[in-house]
Trainee: 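The structure's right below; bear with me while I get my questions together.
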Amino acid sequence: MKTAILGAGVSGLALARYLVEGGLAMDDVTLFEAAPFAGGLCESKTVDGFTYDTSGGHILFSKDAEAMQWMKDRAGGDAAFVKRDRNTKIRFDERWVHYPFENGLGDLPEEVNFDCLKGYVEAWHERKMNGTEAPGDFARWIRWRFGDGIADHFMDPYNEKIWKRPLEEITSGWVAGRVPDAPIEDVLRASIGIRTQGYTHQAIFYYPKKGGFQAITDGLAVDLADRIRLSTPVESVVKNGDGWRVNGEEFDSVINTIAMNLLPDIVEGIPDGVAEAMRGLAYNSITTILLALDREEHPNLSWVYFPQRKQGPANRITYMSNYSPGNAPTGKTSFLCEVTNRPDEKCEAGIVDEVVAGMEVAGLVRKDEILFSDTSWHRFAYIVYDHELESRRETSIAWCEDAGILPLGRFGHYDYFNSDQCVIAAREAAMTLLARAVRG
Ligand SMILES: Cc1cc2nc3c(=O)[nH]c(=O)nc-3n(C[C@H](O)[C@H](O)[C@H](O)COP(=O)(O)OP(=O)(O)OC[C@H]3O[C@@H](n4cnc5c(N)ncnc54)[C@H](O)[C@@H]3O)c2cc1C
């Protein structure tokens, strides 16, 4: 079964590895990759001894222990990884606030703590007494769930930085299970200064000792090297009897991991309505800025959130040099700033200055310690759950499946997946494809 995989990010690579490990002949698998390297959003870059993850700091963690071990084993095994405790904070004025925010109210200035607690209790009371239903848009949902204080001081300004659009345009459905949900007793305790733990998911994570997160996709790619066509964008996919022609070459099956938004320009015969649905799937892009520092140590933190407007456009920084000592030369450190952009828009030239100015206001860096900065950009970074996303997604996936193109991956299937979930989906897809190959 000659199989074409479109895109060699972690989804495409994991699928190819599972197919080959499941018995498909190596020569029957071909990956097409537009970039000159494999890895996609898992890319890492090293500049003058400083390594960073170009789409934002990545950690390895999974609820599926088997999938996580599978990833580690293909990238050098346990010995090639460092194990870290997740220690995340929110920066508010000159303070470190416990994460999640509602478990950190006691760390806030007193008046802000009061506003947040008052709003939280009022919102809780309103839900209990009047049984008000969860509103359908994110802006109203935030106030319904957390109250006005947390909305004004944290949720609204933070989410505006991430989503770059009015929060009314985003649905509340996607937050279920993503935004931590603390019991009111914990919030009351936190507010008067009794420490409550809150969110325990990803309490421990793993990170490659060397090479950044891309060491994982490099490990997946190594045995497939001859089968990955780098710098080879897929330009045409045309139905050919029971199979397909990809860039003019014949295949029995096609699996797509590239963003569905791009398919109407690549796949022949997509009806207008479906093409419109695909093109309109909402997403945001990301710009990341590494600050390489002449400084020996950082606080013992993994990453930090920045909700305040005065802290500049970055919504999060990751202490890359805390992730692994291999990420910075001895005696030096670094952190990586993340800025989201409207779809397809790159940041303006002055973005580095704006980000650095914000970090100075937040008290995280002094200009004279910055050795250099390095900037990266990824077009498809965040899925945006606007009110049309679900229907566009359903239409797009249904057409692909009917046509016989298997959609897979973060933007190939439009799922808010981390890399481990991409691997789990690839494992399932491989089982389906291998069963199909057996049936001939
Ligand atoms: C800010 C941020 C933080 C994240 N943090 C984490 C984390 O901590 N841990 C974690 O596990 N995951 C994290 N993720 C998610 C993770 O990066 C993705 O889930 C994963 O990398 C997606 O892999 P993919 O293969 O599905 O897609 P992609 O990586 O997007 O791969 C698609 C590939 O298709 C290629 N392509 C595009 N167009 C064409 C074309 N025409 N022809 C051929 N090839 C083409 C691209 O170059 C790319 O290589 C994070 C993501 C972001 C944005």
Side-chain angles (χ1 to χ4, degrees), residues 4-16 30-44 52-64 67-68 71-72 84 86 88 162 201-202 205-208 212-214 216-217 220-221 228-237 246-247 254-267 283-288 302-303 305 314-318 320 323 336-341 376-384 407-426 429:
I5 301 175
L6 317 186
V10 68
S11 298
L13 293 169
L15 175 66
T30 305
L31 293 111
F32 290 85
E33 172 53 56
F37 60 90
L41 284 168
C42 294
E43 179 195 19
S44 305
Y52 73 103
D53 303 330
T54 62
S55 73
H58 275 51
I59 60 169
L60 179 62
F61 171 82
S62 189
K63 286 182 183 160
D64 184 327
M68 187 162 76
M71 292 168 83
K72 282 164 131 187
R84 291 279 181 259
R86 177 181 60 82
T88 50
I162 294 264
H201 181 58
Q202 298 176 337
F205 68 86
Y206 297 89
Y207 192 85
F213 200 79
Q214 191 186 319
I216 297 174
T217 46
L220 293 176
I228 308 175
R229 310 252 175 92
L230 297 175
S231 306
T232 309
V234 178
E235 281 162 355
S236 80
V237 175
V246 178
N247 287 1
V254 172
I255 295 90
N256 174 56
T257 77
I258 66 183
M260 276 202 282
N261 311 58
L262 305 177
L263 294 189
D265 295 328
I266 295 174
V267 182
Y283 64 93
N284 272 353
S285 307
I286 191 165
T287 300
T288 57
S302 317
W303 64 86
Y305 299 100
N315 60 69
R316 183 177 84 133
I317 66 140
T318 300
M320 294 304 317
Y323 273 23
L336 180 66
C337 312
E338 294 172 24
V339 178
T340 54
N341 313 120
S376 292
W377 177 79
H378 286 266
R379 177 174 172 188
F380 293 98
Y382 288 98
I383 291 169
V384 177
L408 186 71
R410 182 159 165 125
F411 288 98
H413 199 267
Y414 254 79
D415 281 310
Y416 210 106
F417 275 177
N418 273 348
S419 65
D420 63 302
Q421 294 163 300
C422 293
V423 166
I424 294 163

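First listed ligand is number 1; within each ligand, the first listed atom is number 1.
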Trainee: Tell me the protein heavy atom at minimum distance from atom 29 (O) of ligand 1, and give that distance in Å.
Mentor: L41 N, 2.8 Å

Trainee: Give a yes/no on ligand 1: does T257 have at least one heavy atom closer than 4.0 angstrom to it?
Mentor: yes

Trainee: Kindly confirm or rule out an N or O of I266 lying under 3.5 angstrom from an N or O of ligand 1.
Mentor: no

Trainee: Could R84 and F205 be counted as a cation-pi pair, given that NZ or CZ must be under 6.0 Å from the ring centre and within 45° of the axis?
Mentor: no

Trainee: Counting non-hydrogen protein atoms only, what is the nearest one to atom 31 (O) of ligand 1? Give residue, atom name and distance.
Mentor: G9 CA, 3.6 Å

Trainee: Among all protein heavy atoms, pick out the one at the shortest distance from atom 26 (O) of ligand 1; state its residue, atom name and that distance to 0.1 Å.
Mentor: S11 OG, 2.7 Å

Trainee: What atoms of ligand 1 come closer than 4.0 angstrom to any heavy atom of F32?
Mentor: 43 (C), 44 (N)

Trainee: Please state which protein non-hydrogen atom is closest to atom 45 (C) of ligand 1 and give its distance, to 0.1 Å?
Mentor: I258 CG2, 3.2 Å

Trainee: What's the shortest distance from atom 17 (O) of ligand 1 to any protein heavy atom, and which residue and atom give it?
Mentor: H58 NE2, 2.6 Å

Trainee: So between T217, I286, V234, whose heavy atom ends up nearest atom 41 (N) of ligand 1?
Mentor: V234

Trainee: Check whether any N or O atom of C422, backbone or side chain, sits under 3.5 Å from an N or O atom of ligand 1, and answer yes or no.
Mentor: no

Trainee: Return a yes/no value for E33: is any of its N or O atoms, backbone included, closer than 3.5 angstrom to an N or O of ligand 1?
Mentor: yes

Trainee: From the options N261, I59, T232, V10, select the one whose nearest heavy atom is closest to atom 23 (O) of ligand 1.
Mentor: V10

Trainee: Any non-hydrogen atom of F380 lying under 4.0 Å from ligand 1?
Mentor: no

Trainee: Looking at non-hydrogen atoms alone, which of A259, A34, S55, S419 comes nearest to atom 43 (C) of ligand 1?
Mentor: A34

Trainee: Mark the output for F205 as yes if a heavy-atom distance to ligand 1 is under 4.0 Å, and as no if none is.
Mentor: no

Trainee: Sort and list the pairs that fulfil salt bridge (charged side-chain N to carboxylate O under 4.0 Å, His left out) and have at least one residue in residues 412-423, not counting sequence neighbours.
Mentor: R393-D415

Trainee: Among protein heavy atoms, which lies nearest atom 15 (C) of ligand 1, and at what distance?
Mentor: R410 NH1, 3.4 Å

